[in-house]
Protein chains: 2
Amino acid sequence: MFLDNNYDIIFAIEFIKFTCLEYEFKCETGIMMQNMTIYEIAKIAGVSASTVSRVLNNSPNVKEATRKLVLECIDKYHYSPSETARGLIKQSSKMVGILLPDARIMHHAESITFIQRELSAMGYCCLVMTTGRDEQERLRCLEILNQRRVDAAVLMGSSFQLDSIKNAIEKYLSQIPIIIANGYLELPNVYGIISDEYNGVLECVRLLFEKGRKKLAFIADYDTPSNQRKIAGFSAGMEKYYREHTPLIIWANGEFHEACRKVSEFMQKSPNIDGLIFAEDQLAAAGLRALRDMQISVPDQVSVIGINNSIITQICNPSLTALDNMSMDMSAAVVNNLIAVLQGRCVVKKMSLYSRIVERETT
Amino acid sequence: MFLDNNYDIIFAIEFIKFTCLEYEFKCETGIMMQNMTIYEIAKIAGVSASTVSRVLNNSPNVKEATRKLVLECIDKYHYSPSETARGLIKQSSKMVGILLPDARIMHHAESITFIQRELSAMGYCCLVMTTGRDEQERLRCLEILNQRRVDAAVLMGSSFQLDSIKNAIEKYLSQIPIIIANGYLELPNVYGIISDEYNGVLECVRLLFEKGRKKLAFIADYDTPSNQRKIAGFSAGMEKYYREHTPLIIWANGEFHEACRKVSEFMQKSPNIDGLIFAEDQLAAAGLRALRDMQISVPDQVSVIGINNSIITQICNPSLTALDNMSMDMSAAVVNNLIAVLQGRCVVKKMSLYSRIVERETT
DNA sequence: TTGTAGGCGTTATCAT
DNA sequence: ATGATAACGCCTACAA
């Protein structure tokens with residue numbers, strides 16, 4: 001059905017191409033038409049393609065009357081230049097690739113919303129690709145970004161901090177700037193902005209210590225560099241405040257209910273635990289659910305802290321105390337660094353962002 | 001810093017362009033290089049560009065030995081053809097534009113994750129643009145999609161069901177298929193998949209009626225066609241089960257706390273309300289918070305139902321009963337219809353999806 | 001089986 | 001101020 005229509009269009013266009021007057025006619029009658037080219041506009045306006053191009057690009061070297069005439073034609077026929085063709089000659093696609101494991105991760109969703117808007121205002125489009133946790137898929141995406149000749153790429157999350165990705169960047173994307181949000185790779189074209197989760201979690205331990213909590217555990221989902229930093233901060237905190245050399249690290253990944261079950265199992269085995277730090281807000285939410293199902297009162301019996309300070313903290317009941325790793329600052333830094341590099345300005349290769357605790361009802 | 005490096009590259013390339021042997025040398029030493037062209041690969045392989053093109057496109061008309069040789073060169077120099085140039089000649093960008101108000105809306109985040117992955121498997125890339133609620137911004141995005149010559153577009157959410165957008169589509173995007181998720185526009189190239197929220201909310205009213213609830217209210221955030229359908233279903237239900245002709249509709253938009261406040265105000269004024277249906281899960285979560293702050297027990301004193309059945313329903317405490325509007329089915333239908341249209345198959349212009357209630361603790 | 005030439009829709013360079 | 005012409009990197013008749 002759609003295609004049938006298209007045949008008509010193609011026919012109409014063939015017809016149109018040789019008679020200027022026909023343009024008007026077809027347009028008035030509202031027949032759909034293929035995208036026009038700069039040559040067609042030029043012909044209608046009675047000028048050359050270069051003149052139209054000059055008008056399009058606001059060149060000062062166009063007589064005002066000519067400009068006006070051309071603009072009228074452009075407007076009348078809804079002409080807009082093909083960015084594809086432009087990209088070819090300009091050697092710049094004006095596109096930025098954004099890779100992320102999963103748009104459902106709330107703070108990533110927030111980040112792409114922000115980053116995309118800022119870049120859009122600068123005339124860039126975003127090619128968003130969700131890779132999952134699969135390494136091969138990530139490499140494939142990097143190849144695609146190369147084929148699409150994106151002007152830059154943003155990798156969201158420390159889980160992109162992999163040797164295989166480093167190699168792929170060297171191989172495919174060594175000439176465009178790459179920003180890693182919350183990660184870094186030692187490569188001339190890679191820029192990293194890292195959240196100081198080490199000290200953040202250290203502070204979380206201190207908070208729980210000061211609240212008089214006796215026995216803490218850290219619950220992580222996946223083994224990422226970011227989580228390793230959190231765990232390191234936890235270990236340092238346990239050492240410093242509790243003189244404990246073998247901090248309790250629990251792994252609870254998977255979907256919500258799966259995570260619930262794992263937390264539940266752990267708490268059953270360790271009834272003396274009275275403080276939990278979760279690697280992620282949503283994981284903490286699953287933990288809260290598990291505690292509630294076990295009739296463990298929060299924060300009376302157990303204190304809970306999440307990380308990210310996403311909207312989830314407020315949806316939780318009791319509302320979740322969380323380490324704010326400043327994901328908005330992170331996004332802003334990503335955009336600023338990206339734009340700076342694209343404009344050829346000098347940019348810090350690797351920087352760190354402070355984090356801070358936002359206390360709510362679970363502590 | 002980055003640019004300085006680039007000058008070296010450009011110099012290296014200039015040098016390379018005229019000596020085949022140099023290619024090897026530069027590559028072994030690992031110097032970054034500009035993307036190669038099909039001509040350069042052809043020269044190195046000692047064949048013509050068309051032969052390389054044939055290999056690239058798996059044409060059968062290539063001698064096996066030649067193919068092998070060419071593939072080796074391609075592999076050795078990490079050559080990959082420019083999709084930009086391909087798009088120009090093929091008149092197809094292999095890109096799909098995805099417009100959505102805000103990636104932070106959970107079920108939209110889920111949808112783009114799904115849609116993007118499926119389309120990626122079909123060789124398409126997704127240009128994701130978040131438009132907010134601003135009409136002008138949406139029109140601007142449609143123009144951009146036209147400039148980028150996307151092969152199709154997906155508009156997420158009924159809020160795209162606007163006359164201005166209909167006009168813009170006629171003007172700029174009349175030749176590519178456009179799928180609206182949960183909305184429709186009467187245009188030859190627009191396809192709609194709509195969630196049957198009318199009957200869904202009608203069922204919600206029935207559920208609350210059967211639970212013995214006496215006085216209901218519907219709380220909506222924004223005035224979208226989707227919410228209007230929900231409200232219509234609510235009104236029909238109130239008529240049918242409660243013989244009430246003036247159903248109570250409350251507007252509570254804005255951020256989480258703002259929504260909380262508005263629900264709070266309303267409940268203060270109407271203490272006899274014992275059943276609330278919210279237009280969205282997150283809004284319901286804000287409602288639950290308000291009720292809790294007012295010491296109103298859920299579901300003992302008031303029953304609460306959300307809509308969408310996102311992960312939020314499980315994060316809530318008590319867990320949220322919700323109308324599942326089958327957003328995964330919706331996404332699947334969007335992808336399937338999109339692919340069908342792109343392949344020239346016949347596709348239903350407008351279809352409806354059933355919704356169903358998932359009962360949890362708030363009712 | 002392979003190569004040559006022309007074109008996709010722009011912009012840039014050089015004339016005029 | 002304007003126009004002709006040659007790129008940009010690829011694909012595809014058509015010719016050999």
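All figures in this text were calculated on a predicted structure; none of them were measured in a lab. Residue numbers begin at 1 in each chain, while the letters A, B, ... track the order of the sequences.
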A.B. asks: When you measure from every atom of DNA chain C, which of residues 140-153 of chain A have a heavy atom less than 4.0 Å away?
C.D. replies: none
A.B. asks: Remember a base hit wins even if backbone is also touched, and classify A:E83 as base, sugar-phosphate or nothing at under 4.0 Å, heavy atoms.
C.D. replies: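 Since no nucleic acid heavy atom lies under 4.0 Å of A:E83, the category is nothing.
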A.B. asks: Please confirm whether the shortest side-chain N or O distance from A:Q91 to OP1 or OP2 of D:dA7 is below 4.0 Å.
C.D. replies: no
A.B. asks: Please figure out whether A:Y39 or B:N61 has its closest DNA chain C nucleotide nearer the 5' end.
C.D. replies: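 Checking each residue's closest nucleotide, the 5'-ward one belongs to B:N61.
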A.B. asks: Of the residues in residues 49-57 of chain B, which ones touch DNA chain D at a heavy-atom distance under 4.0 Å?
C.D. replies: B:S50, B:S53, B:R54, B:N57
A.B. asks: Can you see if the side chain of B:R86 gets near the phosphate of D:dC10 - specifically, an N or O under 4.0 Å from OP1 or OP2?
C.D. replies: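 Checking D:dC10 against B:R86, no side-chain N or O comes under 4.0 Å of OP1 or OP2.
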A.B. asks: Taking the nucleotide of DNA chain C with the closest heavy atom to each, which residue, A:Y79 or B:T66, is nearer the 5' end?
C.D. replies: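 Between the two, 5'-proximity favours B:T66.
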A.B. asks: Which nucleotide, C:dT1, C:dT10, D:dC10, lies nearest any side-chain atom of B:P81?
C.D. replies: D:dC10
A.B. asks: A:L142 and A:A168: which non-hydrogen atoms are nearest, and at how many Å?
C.D. replies: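 The answer is CD1-CB, 3.7 Å.
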A.B. asks: When the distance from CD1 of B:I89 to C1' of D:dC8 is rounded to whole Å, what number comes out?
C.D. replies: 12 Å
A.B. asks: Choose from C:dT10, C:dC8, C:dT2 the nucleotide whose nearest atom is closest to any side-chain atom of B:K63.
C.D. replies: C:dT2
A.B. asks: Work out which heavy atom in A:A45 is nearest to a heavy atom in A:V70; give both atom names and the distance.
C.D. replies: CB-CG2, 4.3 Å
A.B. asks: Could you walk me through whether B:E83 and B:R86 pass salt bridge (charged side-chain N to carboxylate O under 4.0 Å, His left out), step by step?
C.D. replies: CA-CA 5 Å; B:E83 278 301 329; B:R86 269 192 174 165; 3.2 Å; yes
A.B. asks: Answer with yes or no whether the side chains of B:Q116 and A:T130 bring together a donor and an acceptor at under 3.5 Å.
C.D. replies: yes
A.B. asks: Rounded to whole angstrom units, what separation is found between the CE atom of A:M36 and the C1' atom of C:dC8?
C.D. replies: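 My rounded result for the distance is 16 Å.
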A.B. asks: Residues in salt bridge (Lys or Arg N to Asp or Glu O under 4.0 Å) with B:E118, at least two apart?
C.D. replies: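 Testing B:E118 for salt bridge (Lys or Arg N to Asp or Glu O under 4.0 Å), a comparison that skips the adjacent residues, returns none.
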A.B. asks: Does B:N61 offer a backbone N or O that forms a donor-acceptor pair with the side chain of B:R67 under 3.5 Å?
C.D. replies: no
A.B. asks: Do A:D151 side-chain atoms and A:S93 backbone N/O form a donor-acceptor pair below 3.5 Å?
C.D. replies: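 Checked: pair present.
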A.B. asks: Under 4.0 Å between any heavy atoms, over every strand shown, what does A:T84 touch: base, sugar-phosphate, or nothing? Just pick one.
C.D. replies: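 The answer is nothing, as A:T84 stays clear of every strand by at least 4.0 Å.
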A.B. asks: When you check the phosphate oxygens OP1 and OP2 of C:dG3, does a side-chain N or O of B:S48 lie under 4.0 Å from one of them?
C.D. replies: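 Checking B:S48 against C:dG3: at least one side-chain N or O falls below 4.0 Å of OP1 or OP2.
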A.B. asks: If you compare all heavy atoms of B:M36 against all heavy atoms of B:Y79, which two are closest, and at what distance to 0.1 Å?
C.D. replies: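 Shortest heavy-atom contact: O-CE1, 3.4 Å.
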A.B. asks: Ignoring hydrogens and angles, state whether a donor on the side chain of B:R54 or B:T66 is under 3.5 Å from an acceptor on the partner side chain.
C.D. replies: no
